[in-house]
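What's counted below: heavy atoms across the whole structure, side chains too, no hydrogens, waters or symmetry copies. So that the names make sense, note that chain A is the first sequence line, chain B the second, and so on, each numbered from 1.
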Protein chains: 2
Amino acid sequence: MNWNEERNLIMVSKMYYEEALTQNEISKQLGIYRTTITRMLQKAREEGIVRIEVVESNRVKVDLERRLKEKFGSIQEFIVVPVNAESTRSSRLKAVGNVAISLLDSILKEGDNVGLAWGETMGTMANLIERKRKIDADFVPIVGGPGKMRVEHHVNTIAYNFAKAYHSRAHYIDSAAIVQSKETRDEIMGSEYMRDVLKLWDKLTVAIIGIGAPIRSSNLVWAGFLENGEDQMLEKDKAVGDIGSRFYNIDGLETTASLQERTIAIELDRLKENRATIAVAESEEKLESIVGAINGGYISHLVIDEPTAEALIRREG
Amino acid sequence: MNWNEERNLIMVSKMYYEEALTQNEISKQLGIYRTTITRMLQKAREEGIVRIEVVESNRVKVDLERRLKEKFGSIQEFIVVPVNAESTRSSRLKAVGNVAISLLDSILKEGDNVGLAWGETMGTMANLIERKRKIDADFVPIVGGPGKMRVEHHVNTIAYNFAKAYHSRAHYIDSAAIVQSKETRDEIMGSEYMRDVLKLWDKLTVAIIGIGAPIRSSNLVWAGFLENGEDQMLEKDKAVGDIGSRFYNIDGLETTASLQERTIAIELDRLKENRATIAVAESEEKLESIVGAINGGYISHLVIDEPTAEALIRREG
DNA sequence: TCAATGTTTGCACAAATGTGCAAAAGGTGG
DNA sequence: CCACCTTTTGCACATTTGTGCAAACATTGA
């Protein structure tokens with residue numbers, strides 16, 4: 001490219017991109033055929049005379065998201081939340097939670113039935129959610145309460161907070177997540193007071209869930225629920241996590257039959273029918289849990305923090 | 001703009017500008033109406049998510065050129081040559097000269113008759129010009145030789161060098177620029193050996209000239225030509241420069257009748273008929289000379305160095 | 001809760017841009 | 001100097017992009 005050509009390319013580029021003249025106007029002003037202007041602009045872009053840059057804001061990590069989407073095709077949308085390295089666990093939870101709330105907000109439609117789980121992440125979100133537009137929707141737990149476990153909010157409170165934000169209806173569940181026996185479960189599931197909830201489970205359109213940490217017998221979180229040796233059983237069955245108290249292995253298959261039959265929670269497969277099932281997770285420790293949930297195909301949207309996203313990318317398979 | 005919208009704008013912008021998908025393809029892939037994509041891209045540009053920059057290379061100063069063109073509407077094209085501050089006079093001359101050669105090259109057409117002046121700038125160019133494409137053209141001096149003045153090349157040598165570069169014809173002038181008397185001049189102009197040159201002057205299509213420094217009586221360059229008191233006369237007539245030994249004032253009007261009638265050179269007004277008359281100048285000292293030449297309307301293309309260009313912009317009027 | 005007001009979407013149409021091809025111009029080497 | 005090859009130009013046409021308007025939707029305040 002000689003001196004004179006470069007000059008012309010710069011001039012034409014300025015007229016087109018900075019002064020927003022059309023190629024036709026430029027063509028007339030400079031007495032150059034219009035298609036030549038088209039070609040000059042192409043060349044100017046190739047030569048780097050015109051530089052077009054899409055600014056990846058520090059609030060958004062589109063590139064990572066697209067790589068994740070390529071790796072895990074079953075997920076409709078990944079949302080990676082940037083967090084700064086020195087942030088505390090709680091500030092990360094809040095960051096991820098706020099984004100998940102935004103996402104839910106953009107997905108929610110008139111008439112939706114929204115299923116909610118409980119746990120640390122869901123509790124945080126219930127705290128964060130604020131007044132939203134009024135909408136005609138139903139919020140319902142998809143799993144029984146935490147029983148003796150100490151969590152910030154009962155799943156009914158979570159449903160209440162979400163419903164309140166949208167000036168809509170909350171529904172409550174009057175049962176623990178895991179009960180003593182298959183018989184008790186069957187009885188509760190058949191009871192009058194569960195009918196409303198079950199009906200909503202049937203018509204569920206959206207769900208939002210946290211992803212629990214992997215199960216280890218050293219991890220006593222579930223101790224209150226588990227009976228003689230069930231914690232070892234979970235470990236033996238290679239359970240990697242749970243969604244609404246339903247445990248699954250790395251392939252996403254529900255596991256540990258003795259627990260299954262005592263659990264009061266929506267069927268995992270039912271989540272696949274939803275228009276959207278949003279999962280939220282915020283730490284690398286949950287990597288295996290997350291992968292299991294993805295492999296099960298239960299979730300459509302996954303909101304995670306940046307380091308976890310990078311760990312997911314690095315992970316084999 | 002909320003979090004989710006920013007995300008979408010970034011994603012769409014990347015698809016459009018980095019992956020070169022059409023708005024239609026993006027629309028289908030994301031399930032967003034196409035016109036919405038158009039509007040998103042507009043917004044992304046406004047918001048600075050997409051940044052488009054035209055790189056002003058350090059070889060080209062288009063902005064300055066456009067401002068000059070606005071200020072001096074009679075000039076078809078300004079060419080500003082960047083020079084670095086510590087460069088020597090000679091290196092600046094070369095820089096400007098090379099660009100002027102490029103410009104001439106892009107202007108020259110088959111069958112052109114090219115008029116040449118002499119002087120320091122023209123001499124430098126004659127030294128710099130190298131083998132070019134073959135062209136059917138005639139190169140001819142538009143002014144007599146420098147007489148006793150010490151210059152690097154006689155105008156005939158300049159014509160020779162230009163013609164040689166283009167594998168074309170040079171024509172020579174057998175006269176000094178300023179002769180003793182009106183009578184001598186008339187005789188020479190009527191002579192057989194000038195006929196060829198005069199015929200070419202008549203058919204001239206392009207000329208290339210240097211612009212001389214302003215005239216001052218302290219400046220003895222012209223001493224060899226000037227007779228009793230003519231130097232004071234020039235000063236009294238407010239001559240600011242010359243083109244091919246024809247002196248003009250700041251308004252571009254030819255001046256000092258006693259010199260005019262002894263000068264063997266093309267008429268200044270004749271230059272206006274050319275398809276292009278390229279003037280080359282390289283120092284701020286020549287500012288007034290340059291302005292006079294512009295005001296006279298004699299030149300269509302002006303090649304100058306950057307500091308001189310800036311001085312021209314700053315100059316009043 | 002409802003009316004009023006501002007924003008966004010979908011659409012038909014208008015304008016702008018891009019492309020393949022043939023012809024012309026430019027450049028190269030014997 | 002000429003014949004060959006490469007690059008550039010002009011053009012018709014296809015594709016892509018932009019816009020005004022009306023309808024739908026969301027938001028606000030009483």
No-hydrogen, no-angle side-chain donor-acceptor test under 3.5 Å, [X] and [Y]:
X: Thr205(B); Y: Asn113(B); value: no
X: Tyr17(B); Y: Arg45(A); value: no
X: Ser102(A); Y: Asp105(A); value: no
X: His153(A); Y: Asn127(A); value: yes

Has the side chain of [X] got a donor or acceptor atom that lies under 3.5 Å from a matching backbone atom of [Y]?
X: Arg92(B); Y: Asp305(B); result: no
X: Trp201(A); Y: Pro141(A); result: yes
X: Thr124(B); Y: Lys94(B); result: no

Considering only NZ, NE, NH1 and NH2 on the basic side and carboxylate oxygens on the acidic side, decide whether [X] and [Y] come within less than 4.0 Å.
X: Asp202(A); Y: Arg270(A); value: no
X: Arg7(B); Y: Glu77(A); value: yes
X: Arg275(A); Y: Asp112(A); value: yes

Axis deviation across the helix from dT1(C)-dA30(D) to dG30(C)-dC1(D), five-pair ends, to the nearest 10°: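 Axis-to-axis angle, ends of the helix: 50°.
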Of Arg34(B) and Arg34(A), the one whose closest DNA chain C nucleotide lies more 5':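 Upstream on the strand: Arg34(B).
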DNA chain D: 5'-most and 3'-most nucleotides touching chain A, 4.0 angstrom heavy-atom criterion: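 Contact span on the strand: dT9(D) to dT27(D).
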Within 6.0 angstrom of Tyr160(B) OH, more than 12 heavy atoms from elsewhere: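 No, the 6.0 Å shell around OH holds no more than 12 heavy atoms from other groups.
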Whole angstrom value for the distance that separates [atom2] of [N] from [atom1] of [X]:
X: Ile37(A); N: dT19(C); atom1: CD1; atom2: P; value: 16 Å
X: Glu46(A); N: dG18(C); atom1: CD; atom2: C1'; value: 14 Å
X: Asp136(A); N: dT1(C); atom1: CG; atom2: P; value: 11 Å
X: Lys43(B); N: dT9(C); atom1: NZ; atom2: C1'; value: 14 Å
X: Gln42(A); N: dG18(C); atom1: CD; atom2: C1'; value: 7 Å

Residues in contact with DNA chain C, drawn from residues 15-33 of chain A - heavy-atom cutoff 4.0 Å: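 Here the set is Tyr16(A), Thr22(A), Gln23(A).
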